[in-house]
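Below: the structure, in structure tokens.
The figures that follow rest on heavy atoms only: side chains count, while hydrogens, waters and symmetry mates do not.
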Amino acid sequence: MKKKLKNIIILGGSGRIGSAISKYLELKGYDVYVIDKVKNKYLNKKKSIICDISKSEKFENKFNGLIKKIKFVEAIINLSYLKNKNWGRSFFNLKPKDIKENLFLQLGTNILISKISINFFLKQGYGNLILFSSIQGISAPKFSHYENTKMVSPIEYSAAKAGIINITKYLAKICKGKNIRVNCISPGGILDTQPKSFIKRYKKSCLSKGLLSGEDLNGVIEFLISQNSEFINGQNLIIDDGWIL
Ligand SMILES: NC(=O)c1ccc[n+]([C@@H]2O[C@H](COP(=O)([O-])OP(=O)(O)OC[C@H]3O[C@@H](n4cnc5c(N)ncnc54)[C@H](O)[C@@H]3O)[C@@H](O)[C@H]2O)c1
């Protein structure tokens, strides 16, 4: 099929990283569509589709409705970050129900989104899917950074993020010969409202900046959706200012 517009779909594109990349790609001339449970502040109403991705049937309907309208999709980026109401409970107090729910929300949803995206890519004969893991999917948390703060790094997060790196490889390989790429980005922490003590300790483990901004990921995302990365497939790109070293 002949490519027309550079349409990009960003799932969970209204958060920290999603807001930065949606604004950036629109300025670069891409047509960005966001599906998120909250509105994207940079896109016009028609391009910011409100939907709870955890309601898989509703999500699939919204996704299919969008595809029908825009037809060709250059890339799908999953930035959605789903969790249940007990997210962040200490490892020592975890309940089976919460483990089950959160592993499904964080990892299972990535598998479902990948299935829906790749089934569509197979029909259009081309595709580029980008999933998001984290430095927590590669290394153990640096627990000392969290001392005397209310911050936590849940074990389900580490498990799901490690899984996302592996399903990226699985998906890339299952798409062999289909003109579809699947890659993963593992960012370091993004500066938000973390306590000063955390920001300081975190920076000591890095090589220059410490916590990143959402905008710091714009370059790598643009590279992955472009033809400049044509033969990068099944990979995990780590953008962490050296945190994992
Ligand atoms: N922020 C960080 O420090 C950091 C670091 C490493 C990796 N990451 C990863 O990057 C990705 C994006 O992170 P972020 O910081 O932009 O997260 P964020 O929480 O700022 O944004 C996530 C978006 O997902 C949306 N969302 C949540 N539940 C949803 C649902 N049920 N249906 C539809 N939309 C839903 C939210 O509304 C939000 O806009 C995540 O996978 C995260 O794990 C983030």
Go through the steps for F132 and Y81 under the test ring-ring contact (aromatic ring centres under 6.0 Å, His included), then give the verdict. CA-CA 9 Å; F132 266 75; Y81 182 60; over 10 Å; no
So does [X] have more than 12 non-hydrogen atoms from other groups sitting under 6.0 Å from [atom1]?
X    : atom1 : result
K203 : NZ    : no
L211 : CG    : yes
N148 : CG    : no
K39  : NZ    : yes
I174 : CD1   : no

Do [X] and [Y] come within less than 4.5 Å of each other through their side chains, counting heavy atoms only?
X    : Y    : answer
N7   : V32  : no
F121 : N179 : no
L66  : I49  : yes
N110 : L112 : no
V182 : I118 : yes
L245 : L207 : yes

Hey, mind stepping through I138 and N236 against side-chain contact (heavy atoms from CB on, under 4.5 Å) and telling me if it holds? CA-CA 10 Å; I138 302 160; N236 176 39; 3.7 Å; yes
Does R201 reach the main-chain N or O of E147 with its side chain, forming a donor-acceptor pair under 3.5 Å? yes
N-O pairing of [X] and [Y] below 4.0 Å:
X   : Y   : value
E26 : K47 : yes
K6  : D31 : no
K55 : D52 : yes
K85 : D98 : no

Hey, quick one: are [X] and [Y] part of the same hydrophobic cluster, counting side-chain heavy atoms closer than 4.5 Å, chains of contacts allowed?
X    : Y    : result
Y126 : I77  : no
I76  : Y30  : no
I164 : L237 : no

Any chance the side chains of R181 and S229 put a donor and an acceptor closer than 3.5 Å?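 Yes, side-chain donor-acceptor contact under 3.5 Å.
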Any side-chain donor-acceptor pair under 3.5 Å between Y24 and E222?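 On atom types as modelled, these side chains qualify, holding a pair under 3.5 Å.
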Would you call the rings of F120 and F63 parallel, tilted or perpendicular, where under 30° means parallel and over 60° means perpendicular?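 Perpendicular.
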Find the distance between [atom1] ([X]) and [atom2] ([Y]) and round it off to the nearest 0.5 Å.
X    : Y    : atom1 : atom2 : value
K161 : S186 : NZ    : OG    : 8.0 Å
I225 : N128 : CD1   : CG    : 7.5 Å
L25  : I21  : CG    : CD1   : 4.0 Å
C51  : D36  : SG    : CG    : 9.5 Å
M151 : D192 : CE    : CG    : 9.0 Å
F223 : N218 : CZ    : CG    : 15.0 Å

Side chain to side chain contact (heavy atoms under 4.5 Å, CB included) partner of Q106, chosen from E156, K83, E101: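 Checked E156, K83, E101 against Q106; only one passes side chain to side chain contact (heavy atoms under 4.5 Å, CB included): K83.
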For a salt bridge (Lys or Arg N to Asp or Glu O under 4.0 Å) check, start with the C-alpha distance between D216 and K209, then their side-chain angles and the critical distance, and finish with the verdict. CA-CA 11 Å; D216 290 328; K209 185 174 181 177; 2.7 Å; yes
